[in-house]
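Order of the sequence lines fixes the chain letters, A, B, ..., with proteins taken first and strands second; residue numbering starts at 1 for each chain.
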Amino acid sequence: MSINTSELRENIVIKFAGDSGDGMQLTGSQFTETAAKYGNDLATFPDFPAEIRAPQGTLYGVSGFQLHFGSTRVHTPGDEYDVLVAMNAAALKTNIKNLKPGGTLIINIDGFDDKFLRLAKYDKLDNPIEDEKLLSNYTIHKIAITQLTRKALEDSGLGIKEIDRSKNMFALGYVYWLFNRKTDFTENYLEEKFSKKPKIFEANIKVLRTGYNYGITVEAASSTTEVQAAALDKGIYRNIRGNEALAYGIIALAYKTGLDVLYAGYPITPATDILHELAKHKNYITTFQAEDEIAAVTAAIGASFGGGLGVTASSGPGIALKTEAIGLAVALEMPLVIINVQRAGPSTGMPTKTEQSDLLQAYYGRNGETPLPVLACNSPADSFDIIYEAGKIAIEHMTPVMVLSDGYLGNGSSPWSIQDPDLLPEIDIPFANQDHIKDGKFMPYLRDERLSRPWAVPGKKGFEHRIGGLSKENETGDVSYDPENNQLMVELREQKVENIAEFIPEIKIKAGVEKGDILVLGWGSTYGALMSAVTDCHDQGLKIGFAHLRYLRPFPGNLEKVLSQYQNILIPELNNGQLIKIIREKFNVDAIGMNKVQGLPFTKNEIINKIQDILKSE
Amino acid sequence: MSINTSELRENIVIKFAGDSGDGMQLTGSQFTETAAKYGNDLATFPDFPAEIRAPQGTLYGVSGFQLHFGSTRVHTPGDEYDVLVAMNAAALKTNIKNLKPGGTLIINIDGFDDKFLRLAKYDKLDNPIEDEKLLSNYTIHKIAITQLTRKALEDSGLGIKEIDRSKNMFALGYVYWLFNRKTDFTENYLEEKFSKKPKIFEANIKVLRTGYNYGITVEAASSTTEVQAAALDKGIYRNIRGNEALAYGIIALAYKTGLDVLYAGYPITPATDILHELAKHKNYITTFQAEDEIAAVTAAIGASFGGGLGVTASSGPGIALKTEAIGLAVALEMPLVIINVQRAGPSTGMPTKTEQSDLLQAYYGRNGETPLPVLACNSPADSFDIIYEAGKIAIEHMTPVMVLSDGYLGNGSSPWSIQDPDLLPEIDIPFANQDHIKDGKFMPYLRDERLSRPWAVPGKKGFEHRIGGLSKENETGDVSYDPENNQLMVELREQKVENIAEFIPEIKIKAGVEKGDILVLGWGSTYGALMSAVTDCHDQGLKIGFAHLRYLRPFPGNLEKVLSQYQNILIPELNNGQLIKIIREKFNVDAIGMNKVQGLPFTKNEIINKIQDILKSE
Amino acid sequence: MKTRPGQSTKGVSSPSKSYASNQEIRWCPGCGDYSILKQVQSVLADENIPKEEIVFISGIGCSSRFPYYLDTFGMHSIHGRAPAIASGLRAIRKDLNIWVVTGDGDGLSIGGNHLIHLLRRNFNMNVLLFNNEIYGLTKGQYSPTSPLGTVNKTAVWGTIDLPFNPLKLALGADATFIARGLDIDPLLLRQVLKRANQHNGTSLVEIYQNCNVFNDGAFSVLTDKATKKDNTIVLEHQKPLFFGVNNDMGIILDGFSPRIVKLSEVSENDLWIHDEEDSLKATILTRFFDNPENDGFPRPLGVLYAVNRPTYEDQLRGQKKMAIEQLGQGNPYELFKGKNYWEVK
Amino acid sequence: MKTRPGQSTKGVSSPSKSYASNQEIRWCPGCGDYSILKQVQSVLADENIPKEEIVFISGIGCSSRFPYYLDTFGMHSIHGRAPAIASGLRAIRKDLNIWVVTGDGDGLSIGGNHLIHLLRRNFNMNVLLFNNEIYGLTKGQYSPTSPLGTVNKTAVWGTIDLPFNPLKLALGADATFIARGLDIDPLLLRQVLKRANQHNGTSLVEIYQNCNVFNDGAFSVLTDKATKKDNTIVLEHQKPLFFGVNNDMGIILDGFSPRIVKLSEVSENDLWIHDEEDSLKATILTRFFDNPENDGFPRPLGVLYAVNRPTYEDQLRGQKKMAIEQLGQGNPYELFKGKNYWEVK
Ligand SMILES: Cc1ncc(C[n+]2csc(CCOP(=O)(O)OP(=O)(O)O)c2C)c(N)n1
Ligand SMILES: Cc1ncc(C[n+]2csc(CCOP(=O)(O)OP(=O)(O)O)c2C)c(N)n1
Ligand code: SF4
Ligand code: SF4
Ligand SMILES: [Mg+2]
Ligand SMILES: [Mg+2]
C-alpha cells in the first residue's frame with residue numbers, strides 16, 4: 001500500500017543534526033543537491049563543531065546542516081525548521097527550540113539510550129522522546145535507525161563501525177521518501193565516490209533504499225510533501241557554496257584576462273576551502289601554499305609585478321598579518337585581490353563561526369594613508385560576481401582590492417545562475433606602451449584618465465623600471481622626498497579610489513518603498529535575512545525600504561540621495577557597529593545600529609522585531 | 001676692541017644647515033643645550049637626509065637643525081629663521097626661502113666653489129653669494145670657515161679630513177659670540193666626548209674658540225644679541241627629546257610599580273632611539289632586541305603574562321605587523337603598552353619624516369572588535385607624562401594601550417620640568433587575591449567595578465589558569481562558544497575601554513575663548529603650531545579657541561560639550577583626515593579638515609591662514 | 001628539574017592526575033596527542049615540579065590546545081608565536097618551568113623564524129614539536145614536514161616542497177639540545193622529556209604524533225610492533241648504535257658514511273658510539289632518513305645532541321646585575337636630571 | 001646564464017655600464033656596497049643577459065637599495081619579504097633572471113623564515129646576502145650575525161645572542177648552493193656570482209661587506225693584504241685545500257676534524273680535496289670559524305656546496321602541464337556547471 005496524497009508546500013526548512021561523525025554534512029548536501037536538481041531555490045547553513053572530531057554524543061559535538069528550499073525565492077536558510085532530523089539526544093537538545101510548532105520531528109530512537117542521554121545532559125528519567133507534552137507539539141517519526149541499519153547490513157561483511165557510519169543514508173532515504181524525491185542523484189554520487197570500495201558502496205545504497213522503503217512500508221506519514229520547482233529566471237543553474245564561487249570567479253578572471261593568476265594562501269578557517277578548490281584547477285591557475293600569510297600576500301604581489309594577477313585570501317588574524325604588505329601594494333599601485341572570509345573575532349575568537357567585524361580593518365587597518373576599494377559578497381552565488389568585479393577593478397585601476405565574505409557565505413550555498421565566461425564583461429588591461437615613454441624613459445606613474453598607471457611587465461624591452469615603497473615622484477616613479485609631491489601622490493591615490501564610484505552601478509532599493517520611514521541598509525552576508533524581513537514588513541504595509549551595499553569603498557554615487565529619502569536608517573551588522581561608523585561620518589546621518597556578535601547570522605524575526613521597535617518608539 | 005652693544009630679543013629661530021657630514025646635528029644640539037642652560041624656553045626640529053651619509057654637497061644631503069629659543073613661551077621650532085648658518089651652497093639653496101627678510105645669514109664661502117655650486121644645481125655664473133639683490137635682503141656674514149679652520153689646525157698634526165670635520169665648531173663658536181653665550185658648556189662636552197682622543201679634543205676646542213674669537217676680532221656684527229631666560233614655572237628643567245622622554249617614562253613606570261618591565265623592540269626609524277636609550281639602563285629595565293616586530297610584541301605579552309609590564313614600540317610598518325598580536329592582548333585583557341612613533345607613510349614612505357597618519361590604524365587596525373585606549377603626546381616633554389599615564393591605564397584597566405608619538409616629537413626637544421618619580425601618581429596593580437576564587441577555582445575574568453580582571457602571576461599557588469585567544473566565558477575564562485557569552489564579552493571589553501573616560505581629565509581650552517566662532521581641535525605633535533596660531537589670532541581679536549586631545553580613545557567626557565560651544569570646528573592634522581572622521585562619526589559634527597601630508601609639521605602661518613579663510617567664507 | 005635543580009626532594013611525588021585541568025579534552029578519539037599529554041603529566045609529577053611554577057605556552061593547532069589540559073599556568077596564544085612569547089616570559093622570569101608546545105605547522109611554517117632565533121639564543125625552556133606531518137586543526141593541508149609527493153587537499157597533484165628535516169634545521173640554528181620521541185612509546189618519551197627538562201637551555205623535542213583523522217599511519221613503520229625494531233634506533237650516550245628485531249644490526253661509520261652492519265660480522269667495538277656532544281655526528285644522525293644514500297636506515301630516537309652553552313636569561317641577568325652595581329637602582333631622578341639641568345626659582 | 005642557457009651567443013657582450021640606472025647612488029662614500037654593485041653589473045654584462053629579462057627584488061636596508069641602481073626591472077619592497085615576493089614572481093615567470101638582494105638584518109632577522117623556506121623549495125634565483133654584521137640603514141644596531149659581545153647602540157653591555165652562521169643555517173634548510181664572497185675581492189666575487197647565476201635552483205651567496213660608518217673593519221683581517229692570505233681559503237672543486245701567504249698551509253681531515261698542516265710536512269695528496277657535492281664536508285667548512293676548536297682556521301670563500309635538485313617552478317610547471325593535458329584549458333563553463341546543474345526555461 002502506498003500513500004497517494006501529497007501536500008503541496010511553498011517552502012520547507014529542514015535541519016539534519018547528529019554527531020560530527022554521523023555524516024550530517026554529507027546528508028545535508030546530498031539532499032540539497034537533489035533539491036537543486038528538482039529546481040528549487042534554496043539556501044543552506046552548515047554548522048560544524050569547533051573540534052575536528054568531537055567525542056560522540058556530546059552537546060558541543062553536534063554537527064548540523066540546515067536547508068531552506070522552495071518554489072518561491074529563498075533568501076535565508078530560515079529561522080525555524082519545518083523538519084528536524086535528530087540522530088541522537090544531543091542533536092535534539094541543541095535544535096528542538098528552533099523546530100516550528102507543528103513541525104515534523106524525525107528521531108533516531110537508538111540515539112537516546114542512557115549513555116546518549118547523559119552526554120546530552122538529560123536526566124535519564126526525563127527522556128525527551130517519552131515526554132508526551134513535548135512531543136505533542138510536533139508530528140513525530142520515531143525510528144530505530146541504528147538498529148534498522150545494522151539489520152540491513154548484517155550480511156554485508158562490514159564491521160559494526162562501518163555499518164553504523166552508513167546510518168545517515170537511512171535518514172536521507174527516509175527524508176527523500178517524505179518529500180517525494182528520488183534517490184537516484186545520491187545513488188550516482190555514491191557510485192562515483194566509492195568506485196574503489198564496492199562493499200561500502202553497496203552498503204550505502206542498501207541503507208539508502210532501506211530508509212526510503214521504510215517510509216513507504218510503514219506509511220509513516222499521512223501524506224508526503226511536495227515542493228515544486230521555483231520560478232527562477234531563465235538559465236542554467238547549480239547549487240554553489242560561497243568559497244567555491246570565489247574560486248570559480250578567480251578561474252574566470254584567469255580565463256578572461258589570459259593573465260597568469262597566482263593564488264597564494266596559507267590555510268585558515270574558513271578561507272582555506274578556496275585554496276582546496278583552486279588546487280584542483282592547476283590547468284587554469286597556479287596555487288602556492290606559502291609558509292605564512294605574509295609570504296602569501298607578498299608572493300601574490302610578486303606575481304602581479306611579473307604581469308600575472310596575484311590573489312590571496314585569509315580570515316581575520318591572517319589578514320592582520322598581511323596589512324603591512326597590502327600597504328606596499330597600495331603604494332606601488334599594483335593589482336592585487338585580497339579576500340577576507342571573515343570569522344568571529346577578536347583574535348582567534350570562534351574560528352568556525354561567522355561575523356562581519358573586519359570592515360573597519362579593511363578600510364583603515366594599515367599604516368599611513370592607504371585607500372583601497374572594498375567589496376562584499378551578499379550571497380554564496382554573488383561571490384562569483386564580486387570576485388570577478390574585484391579583479392576587474394584591481395587590474396583596470398591598478399590597485400589592490402579587498403573582498404569581504406564570511407564563514408556563513410563561504411560554507412553556505414545557494415543556486416547560481418551559471419555564467420558563460422565568454423560572456424563576462426571584458427577587462428581592459430592597462431599594459432604600458434610607447435605613450436608612456438617620455439624623453440626615452442618609461443614613466444611608471446604616468447596616469448590615465450582614471451588616474452591609473454601603466455603596467456610594464458619584466459621582459460618588455462625599453463620598459464625597465466624600479467618601484468618600491470618609498471615615496472615616489474609622480475610620473476617617473478623615482479624616489480622623492482619632495483613635500484608637495486608626497487601630498488600630491490597621497491591625494492592622487494585617494495582620488496583614484498574615489499573615482500571608481502563612476503565605474504560601479506548605483507545602489508537600488510531591493511525591496512519595499514523608495515521613500516519612507518525606514519531604510520534598512522545592509523552589507524555582506526546579511527542580505528537574505530534583511531531582504532526577507534523587509535519584504536515581510538512591507539507586505540504588512542510598513543513604509544520601509546531595503547538597500548544593500550556590495551561596494552563599500554567607494555560607495556555608489558547615489559547612496560547619499562537614497563539615504564535622504566527615509567526618516568530613519570537602520571544598519572544591522574554582525575559586529576559591534578562598523579558600517580554605521582562610516583555612514584555617519586561620510587553622510588552626517590544619525591543612523592541606528594543593530595548589532596549581533598554571537599557567531600550567528602541574523603534571523604528574519606530579529607530584524608522584524610527591531611523594525612517594529614523603531615516604529616513604535618517614534 | 002670689542003662690541004659693547006647688545007640687542008635684546010624675545011625669541012630667536014636659528015637654523016644650522018650643512019652636509020650630513022658637517023656635524024650640524026651636533027652643532028645644533030650643543031647650541032640648544034647651552035640655550036637651555038641659559039634658561040630659555042625652546043623647541044627644536046632636527047631634519048636629516050634619508051641617506052646615512054649622503055654624498056657631500058648634494059641637495060638631498062643637506063642636514064639641518066632648527067632651534068627656536070626665547071625668553072617667552074616657545075611652542076614650535078618656528079616657521080622662519082632669524083639666523084641661518086649655511087655651510088655650503090646646497091644648504092643655502094634649500095633653506096634661504098625660510099630666512100626672514102632682514103634676517104642674519106652666516107655663510108661659509110668655502111662651500112660655494114664651482115663644485116659645490118654644481119652639486120647644488122646653481123649655475124656657476126649665478127653664485128648666490130655674489131648676488132647683490134639676494135643678499136641685500138639680509139644681514140650677511142661671509143666667512144671662509146673651511147680655510148680659517150685649516151689655518152687654525154695647520155700644526156695640529158691632523159689630516160685634512162679630520163681637520164675639515166671640525167669646521168662646525170668654528171660656526172658654533174661664532175654663533176655663541178653672536179648671542180653672547182659662553183663656550184664652556186660645549187668645552188666640557190668635548191672634553192668628555194674625546195677623553196680618549198686628546199688630539200681631536202684639542203683641535204675642536206681650538207676651532208671653537210677660533211670661531212668665537214673671530215667674532216670678537218672682526219667685529220662682524222654691529223651688536224650681539226641677547227635672549228634672556230624664560231619665565232617658566234618654578235622647577236628643575238632639562239632639555240629633552242621626545243624619544244628620550246618616552247624612555248624615561250618607561251623607567252619611571254618600572255621604578256614606581258616595582259614590576260619587571262620588558263621593553264622588546266625591533267629597530268625602525270624613528271622609534272629605535274627609545275631602545276637606544278633604554279639599553280643603557282638595564283639597572284631599571286630589561287631590553288630585548290627581537291628578530292622582528294611580531295616577536296617584539298609577543299615577547300612583551302609574554303612578559304606581562306609573567307607579571308611584568310611588556311612595552312614595545314615601532315613605527316608605521318612595524319605596527320602593522322603587530323596588529324594580530326595586539327588583538328590577542330585585547331582578547332586576553334593583558335596590560336601592554338605599544339608606542340607608535342609615526343612616520344610619513346604609506347608603506348616605507350619617507351621614514352625620516354613626520355606624519356600623523358596611523359590614528360585610524362590605532363583605532364581600527366585589527367581584526368574583530370578590539371577596542372583599546374589610544375593616547376598621544378603633544379610635545380617632547382609631554383611624552384614622559386603620556387607614557388606614564390598609558391602604563392597606569394594598561395595596568396589598572398588590564399588592557400593594551402596605544403601611545404602615538406611621531407618623528408617630529410621623537411627627534412625634537414623641549415624643556416622638561418623634571419619630575420621626581422617618587423611624586424608621580426601611584427599605580428594600583430590589580431593582582432589576583434582570594435576574592436577571585438569561587439568554589440575553589442580561580443576566576444581570571446571576574447571583573448571589578450572598572451570591568452577590569454584580576455592579574456594572577458605564575459608562581460602564585462592556587463591561581464593556576466589558562467588563557468588564550470579563543471572566545472572565553474566571562475568570569476571563568478574557559479573556552480566558550482556560547483553565542484550570548486560572546487556578545488557579552490565583546491560588549492564588556494568595549495565598555496571597559498569607554499569607562500576609562502571617568503578616569504581621565506576633562507579637555508580644557510588651552511588658548512582663546514571658551515565659546516565662539518572656531519574651535520581648533522588638534523592632537524599629537526601639532527600642539528605647538530596650533531597653540532601659537534590660535535594665540536596670535538585671539539590676540540588679533542578673533543573669537544577662537546584651542547583644545548588639544550591627549551586622550552583619543554576614549555575621548556574626555558566633556559568633549560561633546562566643548563565642541564558645541566563653537567560655530568565651526570577646525571581639525572588640522574598631518575594626514576589626509578583621520579581624527580576628523582572619528583569626531584564626525586561620534587558627535588555628528590560637520591567639522592572642517594585641514595590636512596598636510598608632506599612629511600613636515602604645520603607652520604603657524606598655515607594655520608592662521610586657514611583660520612582666516614574660514615572666517616572670510618562665513 | 002629544569003629551573004630548580006634541588007627540587008625533587010622537596011615533597012612527595014605528585015600523582016600525574018593532579019596536573020590535569022578540569023577541562024574536557026577535545027582531541028579526536030585516537031589522536032596521538034592523548035598519549036603525549038599523559039607522558040608530560042607523568043614527567044611533571046615524577047620531577048615533582050610545583051604546579052604553580054609551570055607555564056605552558058602554545059600557538060595554534062590541535063597540538064596547541066595542550067595547555068588547556070594541564071592544571072598549571074598556560075597560554076594558548078596565536079599561530080606560530082609561542083617561542084617569542086615564552087622568550088619574553090623567560091627574560092623576566094628565571095624561576096619558572098617553561099614549556100612551549102607547537103606543531104609542524106605552527107613551529108616550522110609560520111613560526112619557523114621564532115624557533116630558529118630561540119635556538120640560537122638558548123633561552124632555557126622545553127619546546128615540544130608535535131610533528132604529525134599535516135595541518136590537523138585546519139583539516140588536512142600539507143605541512144613543511146609532509147613528505148614529497150604527499151597528496152591532500154592543498155596538494156591535489158602531490159607536494160613539491162622538499163620537507164624540512166626539523167632536527168637538522170635546528171642544528172643549523174645552533175640548538176643545544178635536540179631529541180626525538182614517539183607518541184606511543186611512553187617509556188622513551190618520558191625519558192626524553194626528562195632529559196629535555198633537565199637541560200639548561202632550549203631543548204627541542206620532536207615528537208612523531210599520529211593524526212589518525214587526516215594522516216593516519218604516517219609513522220606506523222616506526223610504531224608498529226612488527227616493523228618498529230627494524231626501523232628505529234634508540235640512542236644512548238656513549239653506547240654503540242645497534243638495533244633490529246633481534247638487536248643484531250649495528251651502524252658503523254665508514255669515514256663520513258654510516259653503514260648498516262650485522263652484529264655477527266663486526267665486533268661491537270667497531271660500532272659507532274653515540275656521543276651526544278658531537279655536533280657533526282648529530283648532523284649525520286639527522287640525515288639518516290633524508291639522504292637517499294641512507295635509504296633503509298633506522299630512524300634515530302632519543303637524545304641526538306646535547307651540549308651546554310650559557311642561557312640567554314643568565315647572561316641577561318648577569319648584565320642586569322652589573323648594571324645595578326654600576327648604576328644603582330634607586331630613584332631615577334638623578335638620571336632624569338642628567339648634567340644639563342637648570343633651575344627656575 | 002641562469003634562465004636561458006643558449007643565450008650568450010645572442011648578441012655582443014654589453015658593457016657593464018649599460019646596466020647602471022640613471023639614479024644617483026646614495027650609499028655612504030666608502031661603503032662596500034659600491035664594489036658589489038660593480039661586480040654584479042659586470043657579471044650581468046659578461047653573461048650578456050638582456051636587461052629587460054632581469055629582475056632585482058630587495059627588502060629594506062642599505063643593501064636593499066641595490067635595485068635602484070640597475071637599469072633592469074626591480075622592486076625595493078618591504079623589510080624581509082623579498083624571498084617571498086621573488087618566489088611568487090618565479091612561480092609564474094620561468095623566463096626571467098631573478099636576483100634577491102638582502103642584508104643580514106633583512107634576510108636573517110625579520111626575513112629568516114622566508115629565506116629558509118625558499119631554500120628548501122629551491123626556486124631558481126640568486127640570493128645575495130650582504131652581511132655587514134650590523135643594521136646599517138637604521139644606524140648601527142646589532143644584527144643576527146654580529147659577533148658575541150658586540151657593543152653598540154642596542155647592546156650597551158655587549159650582545160649575548162649567539163650569531164647565526166648563515167651558511168650553516170642554509171645547509172640545515174637544505175640549500176642546494178651556498179657560497180661566500182668579499183666585497184673587495186672583485187675577481188672572486190665575480191666568479192662566485194657567475195657560478196650562482198649558473199646554478200639552477202636557489203643560490204645563496206653570503207657577501208662580507210664593510211659598513212665603514214657603523215662597523216668599519218669587521219672583515220679587515222679577511223681583506224687586508226697583510227692578513228688576507230693567512231685568514232682565508234679559496235675553495236675550488238676537486239682541488240686540495242691550501243692557503244697562506246706563501247701558499248704553504250693546507251688542511252687535512254683527521255676523522256671528522258679538520259687540521260691545519262704545513263705543506264712541507266704532508267703530501268698534497270693527503271690534503272682535503274674540496275668536493276662541492278658533499279654536504280657533510282660543506283657542514284664542516286661552514287663551521288671553520290664558529291667552532292672554538294677551529295680557532296685560527298681560515299675563512300672559506302668561493303662555492304662551499306652545490307648540488308642539483310629539481311626547482312620548484314619546474315615541478316609546478318610539470319603539474320600545470322599535466323593538469324592541462326588532463327583537464328584542458330578552454331572555456332571553464334563546463335567546469336562551472338559540474339554535474340548537478342539544471343535548467344530553468
Ligand atoms: C595567523 C593564523 N594563520 C592561520 C591560522 C590557521 N591555522 C590554525 S592551526 C594551523 C596549522 C596547524 O598545524 P600544526 O601546527 O601542524 O598543528 P596540528 O593541528 O597538526 O597539531 C593553521 C594554519 C591561524 N589560526 N592563524
Ligand atoms: C617592518 C619594518 N621593520 C623595521 C624596519 C626598519 N629597518 C629598515 S632596514 C633595517 C635593517 C637593515 O639591516 P640589514 O638588512 O642588515 O641591511 P643594511 O642596512 O645593513 O645593509 C631595519 C630594521 C622597516 N623598514 N620595516
Ligand atoms: S585532527 Fe588529527 S591531530 Fe587534530 S585532534 Fe584530530 S587526530 Fe589529533
Ligand atoms: S651605513 Fe654602512 S652599509 Fe649603509 S651605506 Fe653607509 S657604509 Fe654602507
Ligand atoms: Mg601538524
Ligand atoms: Mg646589515
Structural part of [X] lying under 4.5 Å from a heavy atom of chain C:
X	value
B/S417	neither
B/A295	both
B/A325	both
B/K280	backbone
B/Y237	both
B/Y248	both
B/E244	neither
B/A252	both
B/D233	backbone
B/F185	side chain

For chain C, which candidate among [options] shows the most heavy-atom pairs at distances under 4.5 Å?
options	result
B/A264, B/G235, B/G469	B/G235
B/N239, B/N188, B/V457	B/V457
B/G308, B/P421, B/G468	B/P421

Does the [X] side chain pair with the main chain of [Y], one donor and one acceptor, at a distance under 3.5 Å?
X	Y	result
C/Y341	B/K37	no
B/N283	C/A323	no
C/R93	B/G306	yes
C/K320	B/K282	yes

Need one label for [X]: side chain, backbone, both or neither, based on atoms under 4.5 Å from any heavy atom in chain B.
X	result
C/F56	neither
C/R26	neither
C/H117	side chain
C/Q329	both
C/K339	both
C/R121	side chain

* Report yes if the side chains of C/M75 and B/I301 come closer than 4.5 Å at any heavy-atom pair, otherwise no. => yes
* Find out whether C/R81 and B/V297 are in side-chain contact, i.e. whether some heavy atom of one side chain is under 4.5 Å from a heavy atom of the other. =>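 No - every pair of side-chain heavy atoms lies 4.5 Å or more apart.
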* **Heavy atoms of other groups near C/E343 CD, more than 12 under 6.0 Å** => yes
* Quick check: are there more than 12 heavy atoms from other residues, nucleotides or ligands sitting under 6.0 Å from CD of C/Q326? -> yes
* Under 3.5 Å, is there a donor-acceptor pair between the B/D420 and C/N331 side chains? -> yes
* Could you check C/W342 against B/Y38 for side chain to side chain contact (heavy atoms under 4.5 Å, CB included), going step by step and ending with a plain yes or no? => CA-CA 8 Å; C/W342 70 94; B/Y38 275 78; over 6 Å; no
Tell me, out of [options], who's got the most heavy-atom pairs with chain B below 4.5 Å.
options	value
C/G328, C/P83, C/G74, C/P67	C/G74
C/L335, C/L327, C/L316	C/L335
C/I60, C/L89, C/N113, C/N22	C/L89
C/I54, C/I57, C/L70	C/L70
C/G80, C/A84, C/S87	C/A84
C/I324, C/V55, C/D71	C/D71

* SB check B/E291 C/R120 (cutoff 4.0 Å) ->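 C/R120 and B/E291: not salt-bridged.
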* Could you check whether the rings of B/W416 and C/F336 sit parallel, tilted or perpendicular, using 30° and 60° as the cut-offs? => tilted
* **Test side chain to side chain contact (heavy atoms under 4.5 Å, CB included) applied to C/E52 and B/K460, step by step** => CA-CA 6 Å; C/E52 68 273 16; B/K460 196 173 166 93; 5.9 Å; no
* To do: Check step by step if side chain to side chain contact (heavy atoms under 4.5 Å, CB included) holds for B/H465 and C/F73.
  => CA-CA 5 Å; B/H465 67 286; C/F73 285 87; 3.6 Å; yes
